[in-house]
Each structure stands twice: as C-alpha cells, then as structure tokens.
Amino acid sequence: MVSLLTGEEDDELEPEQPDPSPPPTSPPPTSPPPELNEPQAGAVEHSAGPLLVFAGAGSGKTRVITYRIANLIARERVAPWRILAVTFTNKAAGEMRARLERLCGAELARALWVGTFHATCAKLLRIHGSAIGVQPNFVIYDTADQKAVVSRALKDLGLDEKRYPARAVLAHIHKHKQEGRGPDEAASHSYVDDVALRLYRTYEERLRAANAVDFEDLILLVARLLSDTPEGDKIRRRFDYVLVDEFQDTNATQYRFLRELVRGHKNLCVVGDDDQSIYRWRGADVRNIRYFRRDYPDATVVKLEQNYRSSGRIVAAALGVISRSNEREPKELWTANEPGEFVHVVAARDERDEAAFVVDVVRRARAEGTDLREIAVFYRIHAQSRVLEEAMRAANLPYQIIGGAKFYERAEVKDALAYLRILLNPGSDVDLLRVVNVPPRGIGQTTVDRLTAWATLNETSVFEALARIDEIGDLGPPAKKKLVAFRELLERLRAESEIAPSEMVGRVLSETGYVQALKKEDTAESDARIENLQELASSMQDYEAEAEAAGEAPSLAGFLERVTLVSDVDALPNPDGTGPRDDGRVVLMTVHGAKGLEFEHVLLTGMEEQMFPYKGVDPGQTDELEEERRLAYVAITRARRHLFMTHTQMRQIFGTTRWNRPSRFLGELPNGVAEHRKTAAMTGEMQFGRYVDRGPASESRGQPWRHPQTPREAAPEPGSRYVDHEFFDDRTDPVTDMPLRRGARVTHDRFGDGEVLKAVSVGEPAVVVFFPGWGEKKILARFLKPA
DNA sequence: TCTTTGTAATTTTTT
DNA sequence: ATTACAAAGA
C-alpha cells in the first residue's frame with residue numbers, strides 16, 4: 001500500500017498478510033445462511049454503504065456482526081486486515097474474535113482488526129501519533145494518575161483544592177474531551193469556567209510533556225489525526241469496512257472518529273439498541289443514532305426484533321418496563337420461545353433476609369444440576385454486594401464478584417507499575433512522584449515540593465530536574481544526596497530494561513527494596529501485598545505467553561497498555577462457553593457489569609425505590625429515571641429462563657436504615673407475568689428454609705397472560721405511564737405490617753384523630769394523614785397511635 | 001518522617 | 001458502616 005500523498009510505503013504493522021489476492025479458505029455460510037432470520041440475513045448480506053442495525057436484547061446481534069464479517073471476506077472478497085470491528089469491552093472483542101475463528105478459520109480471524117475503541121486507537125496512535133507529537137512509547141494514565149496531574153496543576157496555579165476539587169475538575173475536563181472540545185474551543189461564561197479552562201490547558205500540557213495520554217485522548221487524538229493532518233489519510237486507507245458494536249454507547253468523540261475513518265467509502269455498519277443505553281453519565285450519547293441517520297441519509301436500516309434468548313414471560317416483563325420509556329426508536333421485541341415460568345417477585349424483610357433467599361435459590365438450582373456459572377446475582381450499586389458475599393461465603397457457595405476494588409488499582413501494584421512506566425518513559429512525572437519515596441528513602445514532602453517547583457519553573461520533567469540537580473539552589477546537601485541516590489537507582493534499572501518484561505518486575509522490586517520493606521513490615525497486610533506483586537509478575541508471564549502465541553513481540557509497553565485497558569469482566573466465560581474457563585461459580589455484579597452477558601438464572605436484588613431506580617429521582621430529572629429504566633431493562637433481559645426480583649422492607653445502606661417501597665419497575669410488570677411471594681421472615685412463619693412455597697402464589701392482577709408475540713397488547717394504556725405504588729399496599733408495602741393501611745384511623749398528639757390517606761417514603765415509615773381542622777399532614781409512623 | 005485523628009463522601013465505571 | 005484522604009501531632 002502506497003500512500004497517495006507522500007509516495008511512502010506504509011511502514012508498519014500489517015501482520016503477516018498474504019498478498020491481497022482472494023482470501024484463502026472459505027468456510028463462511030452460503031447464501032442466506034439457513035440459521036439467520038430475514039432481517040438478520042439482510043444485515044449480513046448488505047454490501048457497501050452505511051448500515052444501521054437496531055438489535056434488540058437477545059436478538060442475535062453478535063451472530064449478525066460475525067456472519068457479516070465472514071460474508072464480506074468470502075463473498076465480497078474483502079481482505080480481512082482491511083476490516084475493523086470495534087467493541088466497547090475486551091470481552092466483547094474476544095468473544096467476537098473467537099466466533100470468527102470458528103467461522104473463518106484462525107488464520108483469517110487473526111488478520112482482522114477486532115478491538116475496543118481504546119485498544120484500537122492506542123494501536124493507531126502508537127503508529128501514527130508522532131505526527132501530532134505523541135511518541136510511540138506513550139503511557140496511558142488511568143483515573144488516579146489523571147487526578148494526580150490535576151492536583152499538581154492546582155498546586156502550581158495556586159488554587160484552593162477545596163474550592164476546586166480535583167475530582168470535579170477532572171470530570172469537567174473529561175466532559176469537554178468527550179465532546180471533542182479542546183481548551184481553546186470550550187466556551188467560558190464565568191470566572192469559574194475560566195479557572196476550569198486554565199486547569200484543562202495545564203492538564204493537557206502536562207500530559208503531552210510526560211508523553212502520556214488519558215482514555216479520552218486515545219480516541220480524540222486519533223480523531224484529530226484523521227481530520228486535521230495528512231497522516232489521517234494513511235489511517236483511513238487501512239480500512240475498507242468498519243463495524244461497531246453497542247453503538248448507542250458511543251460518545252461524540254468516538255462517533256467523530258468513526259465518521260472521519262470512513263469518510264471516503266462510508267462503509268460503516270453500526271449495531272446498537274437505544275433501549276440499552278446506560279452510560280449517558282459517562283458521556284455516551286444515544287442521539288448518535290439519530291445523527292447517524294442525519295449524516296448518512298441513504299443508510300440501510302435493519303431492525304432485529306426477535307428475541308431468541310429469554311422465555312416469553314421474561315421478554316414481556318422487560319417490555320413492561322421499557323415500553324414506558326420516552327423517546328424510543330419504535331420497535332417491537334418479541335419471542336417465539338415458550339412463556340416459561342413466572343417471574344418471581346419476592347419481598348424480603350431486610351438485606352440479610354434477601355441474601356438468605358438468594359442463597360436458597362442458588363442451592364435449589366444447584367441441587368437440580370444447574371452449573372453455578374449459569375447463575376448471576378445483580379445489584380444496583382457495589383455497596384449491596386457485601387451482605388450477599390457474606391451469605392454466599394457462609395453457605396459455602398463458590399462465587400465471584402465482578403468489579404469493585406480492582407487488582408491493578410491496589411497501591412502496591414500501582415507502585416510497581418509506576419516504576420516500570422518510568423523506565424519506559426522517564427518524563428512521566430506522575431509515576432516518578434508516586435514512587436520517589438516508596439519505599440521510604442528519606443525524601444520528604446518539602447524536598448519533593450522544591451524539586452517539582454524547580455521542574456515547573458524550568459519547564460522540564462522531574463526526571464530531568466534530577467539530572468540537573470546541581471542547578472537547583474534551594475536544596476540542602478542531604479536532600480540532594482538522597483535524590484541523587486534515587487536517580488542512580490532509576491538509571492541502574494533503565495540500563496537493564498532490555499531484559500524480558502516479566503523479569504523486569506522482579507528486578508525492580510528487589511533493587512528498589514520494595515519487597516524487602518514489605519517483608520520487614522511482616523503483617524497480614526504486607527503478606528497480601530507481596531502476594532499481589534507475585535500475581536503481577538505471573539500476569540506478566542501470561543502476557544508474554546499470549547503475545548508470543550499471537551505472533552507479537554512481548555514488550556513492556558504492550559503489557560502496561562493491557563493492564564490499563566483491561567477490566568475483570570473480561571475474565572468471565574462467554575455465553576457460548578468460550579473464553580476463560582472457571583470452576584462453576586455464581587457471579588455477583590452490578591447491573592452495569594451485566595450488559596452483554598446472559599444467564600439461565602438471574603437474581604435481581606434491591607428492587608426498591610431509591611435503590612433501583614437509584615436515589616431520589618426528583619420529577620425534574622426524568623433523564624436519570626429514563627436511564628434507570630433502561631438499566632432495569634438490561635438487567636431483566638439478561639435472564640434466559642429464571643428471573644427473580646427481590647426487594648426488601650428495610651435496608652441498611654451507608655450506615656443508615658432506610659425503609660423503601662418496592663420499585664416502581666415491579667409495578668410495571670404486565671399482568672400474568674409475575675408471581676409475588678414473601679420470604680418466611682416476612683410472613684413470620686417458621687419454616688425449614690426461607691423460601692416458603694405456600695401454594696398458588698398471587699399472580700399479579702390475575703388476568704391471563706398473553707402470548708408475547710403480541711407485545712403491543714402488553715404495553716400500557718396511554719395515560720397510565722407510571723403505576724401507582726399503592727399497587728403494593730396490600731402486599732408488600734412496609735407500612736402494611738403496621739396498622740396503617742389506607743383508611744386507618746389514627747391519633748396524633750397535636751393534631752388529634754385523622755385518617756390515613758397514603759403511605760410515603762421518607763427513609764422510615766410515614767404516611768399522609770387527613771386531620772379534620774388541620775388538613776393533610778405528612779407524619780412519621782412512630783408519632784402515630786391507632787385511634 | 002511516621003503516626004494518629006478527624007473529616008467527608010460513598011452510583012453506576014466497558015476503557 | 002466503611003473508607004479514603006488530609007491535616008495535625010510525636
């Protein structure tokens with residue numbers, strides 16, 4: 001491939017391709033593959049030009065993408081290395097590649113570009129970044145690193161960290177970057193804006209100076225390369241076809257990157273589902289789907305509406321929740337699957353009771369022979385996981401928690417990585433400052449402050465300042481001596497940095513005295529830290545083995561990149577059984593973590609107002625409620641056959657007890673879909689086991705359940721968008737257990753006798769009471785007595 | 001320089 | 001309830 005502009009050869013990195021003559025081997029399916037339905041086949045066989053695929057939950061999205069790629073190779077004769085498939089998670093990328101291997105053979109699949117936005121752009125940026133001043137060995141700063149940069153900028157600009165919290169500043173900066181605005185393009189309407197922009201500018205300068213990029217930069221810088229530099233054409237010429245998964249989760253910058261990338265041929269296929277857009281708070285913009293239609297008015301639009309994953313009742317439950325959403329792309333999800341069993345809605349007394357119920361369900365399922373990895377427990381926020389975890393452990397059930405504190409964010413691991421990154425890129429101040437006194441080597445805050453002040457003043461890196469230490473006036477001889485020793489340590493390590501990455505970790509940890517310091521500490525915690533470091537070393541060996549298997553040379557840079565761009569959802573096995581194998585373990589995770597996964601059994605916990613939808617959703621914040629609703633939709637549609645939704649009467653969270661009513665989403669389940677039960681603790685009956693089956697459960701509203709192929713009928717009538725919570729009054733409302741039903745006569749010390757009108761939720765049981773002569777009053781239940 | 005004490009904050013987080 | 005981070009004391 002010869003660059004049209006410069007006549008140069010494209011340097012790099014097209015992996016061992018055979019010449020672009022017809023691709024070898026041809027396993028891809030023959031004309032409309034029999035196992036595809038009509039819209040699926042349409043999407044698969046679409047050849048050139050923009051394509052928009054609405055893929056409902058469980059509608060065979062991955063299958064469509066992979067078949068489409070196979071089709072492009074086999075029938076359209078597109079060279080595999082000229083196809084780019086972009087996902088959001090490594091796991092999705094891995095799954096896609098695995099499927100493609102089976103479909104097209106390992107050799108062809110290997111040549112494809114399949115990766116996350118970030119990994120793909122990191123790769124492109126390493127190759128082409130020098131055109132905008134990013135050197136190939138750049139490091140990727142994670143959130144903590146970014147925060148450190150902001151903190152230092154605050155200090156240097158003499159700003160009050162209380163008034164401008166680093167976290168908030170960073171959020172501000174990210175918002176700009178996600179929307180593609182540089183510090184000079186962002187508008188300012190106030191002094192505070194000015195300050196924020198000055199910080200943004202400084203932040204950018206610091207990152208560039210350190211040859212570092214943040215997550216946003218990976219995309220943004222490549223987008224700029226594409227639109228503003230001649231190098232952009234080189235990147236563009238790499239790809240003939242671009243496919244994007246989970247398009248509803250792209251942000252403005254990511255969309256810009258895509259648009260620029262396909263500017264010539266417009267062979268852009270985006271697949272998404274506006275109903276599953278759950279990352280708005282992170283900059284994702286569902287409107288990109290609309291923009292896509294605007295930007296590519298001739299785009300072919302395909303809707304995949306048949307759900308193959310879930311039972312009829314589960315699909316109906318999901319529809320009941322999502323159909324109340326505003327601003328949806330019109331579509332009708334349906335299934336031909338069996339109606340299946342009822343969705344179980346279970347009222348528990350408190351979170352421990354709820355956890356006990358979860359354990360009970362897991363035990364039963366296991367007794368029936370269910371593989372534990374087919375069972376998932378979801379919650380809205382991580383804070384809910386602890387009780388569940390304790391219950392699982394007490395019951396001796398193997399489980400795995402996804403998310404939460406991450407391995408690579410542990411202090412000792414970050415320290416080790418910081419050393420490694422300095423070796424690669426000594427200009428990275430954040431890393432250097434992190435470890436300058438770790439383990440303690442007598443370099444105090446004052447010394448560090450003077451050192452960085454000098455570096456800032458002379459517009460150089462801290463590492464450079466160390467090299468020119470004699471020029472620094474205000475450092476005393478003892479301080480200088482210690483700093484020189486540190487510099488020599490780094491130089492010694494750098495001199496050895498040619499050895500294998502995995503050996504490098506050990507070398508760093510011993511020569512810096514890091515492990516020694518931990519051993520000396522000799523506490524349970526320090527032991528755990530040492531173990532974590534050993535795990536780091538072994539993950540490095542894993543990386544080397546994988547890289548070699550993939551035909552790449554393992555490098556420190558490659559490992560560090562992977563560390564920053566990898567999360568632990570990636571470690572889950574795929575629905576089709578590929579991916580990492582694990583002994584059967586129940587998976588515990590947040591609903592966000594569940595997207596893209598599916599399980600035979602799903603337990604959705606904490607279905608209470610304030611918990612899910614999370615927090616006080618004030619009427620003004622309909623956007624947030626909308627997102628919670630989509631989140632609930634995602635959660636429900638993860639289940640194939642068995643879905644439990646639990647809620648509690650009271651729950652301890654963040655140290656306080658809260659009484660919450662059942663989630664409005666429970667009230668939105670269509671008739672005939674769910675059955676409502678209470679745990680034994682709730683009914684007060686002593687039974688063996690907690691999940692008490694007391695004959696025919698109360699089906700909600702008793703009407704016969706309709707076949708899911710007529711989803712329109714399951715949708716609510718206009719005008720009844722939100723089901724009133726009084727639906728639960730005689731069932732599971734916490735207030736019900738007290739003599740405070742609607743209509744009950746009560747007495748109050750000051751207002752006298754009155755009548756209960758309705759229950760309200762204020763953190764503890766409360767009701768609205770009508771007192772003759774006083775009117776309606778909101779009263780805490782504890783201030784009332786039966787009249 | 002290290003330890004203690006106090007304070008505030010604690011959604012969600014594919015990268 | 002827990003924890004992380006910052007400021008003040010030993």
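Because the structure is predicted, anything quoted here is derived from the model rather than measured. Just so we're on the same page: letters track the sequence lines, and every chain starts at 1.
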- Message: On DNA chain B, does the nearest nucleotide to A/Thr447 precede the nearest nucleotide to A/Glu627 from the 5' side, or the other way round? Give the residue.
- Response: A/Thr447

- Give one of base, sugar-phosphate or nothing for A/Phe117, where a contact means two heavy atoms less than 4.0 Å apart. nothing

- Task: Establish, with yes or no, whether the OP1 or OP2 oxygen of B/dT13 is under 4.0 angstrom from a side-chain nitrogen or oxygen of A/His174.
- Result: no

- Task: Take atom C1' in B/dT14 and the same atom in C/dT3, then report the distance between them in whole Å.
- Result: 26 Å

- When the C1' atoms of C/dA6 and B/dT11 are considered, how many whole Å apart are they? 24 Å

- Item | Atom NZ of A/Lys175 with >12 non-hydrogen neighbours under 6.0 angstrom | no

- Query: Nearest to the side chain of A/Ile381, which nucleotide is it out of B/dT15, B/dT12, C/dT2?
  - Reply: B/dT12

- How do A/Phe88 and A/Gly442 order along DNA chain B: which one's closest nucleotide is nearer the 5' end? A/Gly442

- Query: For A/Phe612, what residues pass the ring-ring contact (aromatic ring centres under 6.0 Å, His included) criterion, not counting sequence neighbours?
  - Reply: A/Phe665

- In whole angstroms, the gap separating P of B/dT14 from NZ of A/Lys595 amounts to 12 Å

- Within this structure, what is the CD-to-P distance between A/Gln276 and B/dT14, rounded to whole angstrom? 17 Å

- Are OP1 or OP2 of B/dT13 and a side-chain N or O of A/Thr590 less than 4.0 angstrom apart? yes

- Whole angstrom is fine here: how far is it from CZ in A/Arg562 over to P in B/dT15? 12 Å

- The single option from A/Glu354, A/Glu609, A/Glu351 that satisfies salt bridge (charged side-chain N to carboxylate O under 4.0 Å, His left out) with A/Arg651 is A/Glu354

- Mind checking the P distance from B/dT12 to C/dC5? Whole angstroms is fine. 16 Å

- Note on the structure: Between CG of A/Asp214 and C1' of B/dT13 the distance, given in whole Å, is 15 Å

- Message: With a 4.0 Å limit, can you tell me whether A/Asn90 has a side-chain N or O closer than that to the phosphate oxygens OP1/OP2 of B/dT15?
- Response: yes

- Task: Under the ring-ring contact (aromatic ring centres under 6.0 Å, His included) rule, collect the residues that match up with A/Tyr279, sequence neighbours excluded.
- Result: A/Trp281, A/His592

- Item | Nucleotide nearest A/Thr116 when distance is taken to its side chain, options B/dT11, B/dT15, B/dT13 | B/dT15

- Message: The test is side chain to side chain contact (heavy atoms under 4.5 Å, CB included); show your working for A/Met645 and A/Leu666 and say whether it passes.
- Response: CA-CA 8 Å; A/Met645 300 167 93; A/Leu666 293 175; 3.9 Å; yes

- Tell me what A/Asp249 touches on the nucleic acid: a base, only sugar-phosphate, or nothing, going by heavy atoms under 4.0 Å. base

Could you go over nucleotides 3-10 of chain B and give all protein N or O partners under 3.5 Å, atom names and distances?
none

- Classify the side chain of A/Arg282 and the base of B/dT15 as holding, or not holding, a donor-acceptor pair under 3.5 Å. yes

- Item | Whole-Å gap separating C1' (C/dA4) and NZ (A/Lys147) | 9 Å

- Item | By ring-ring contact (aromatic ring centres under 6.0 Å, His included) - contacts of A/His172 (at least two apart) | A/His176

- Task: Send over the distance from A/Ile278 CD1 to B/dT13 P, rounded to a whole Å.
- Result: 9 Å

- Note on the structure: Residue set satisfying side-chain contact (heavy atoms from CB on, under 4.5 Å) with A/Thr447, at least two apart, ordered chain then number -> A/Ile443, A/Leu475, A/Ala479, A/Leu483

- Check the distance between B/dT1's C1' and A/Lys482's NZ and give it to me in whole angstrom. 9 Å

- Only counting residues at least two apart or in another chain, list the ones meeting ring-ring contact (aromatic ring centres under 6.0 Å, His included) with A/Phe54. none

- Looking at A/Arg386, does any N or O in its side chain come under 4.0 Å of the phosphate oxygens OP1/OP2 on C/dT2? yes

- Query: Please give, in whole Å, the distance from B/dT14 C1' to A/Lys91 NZ?
  - Reply: 12 Å

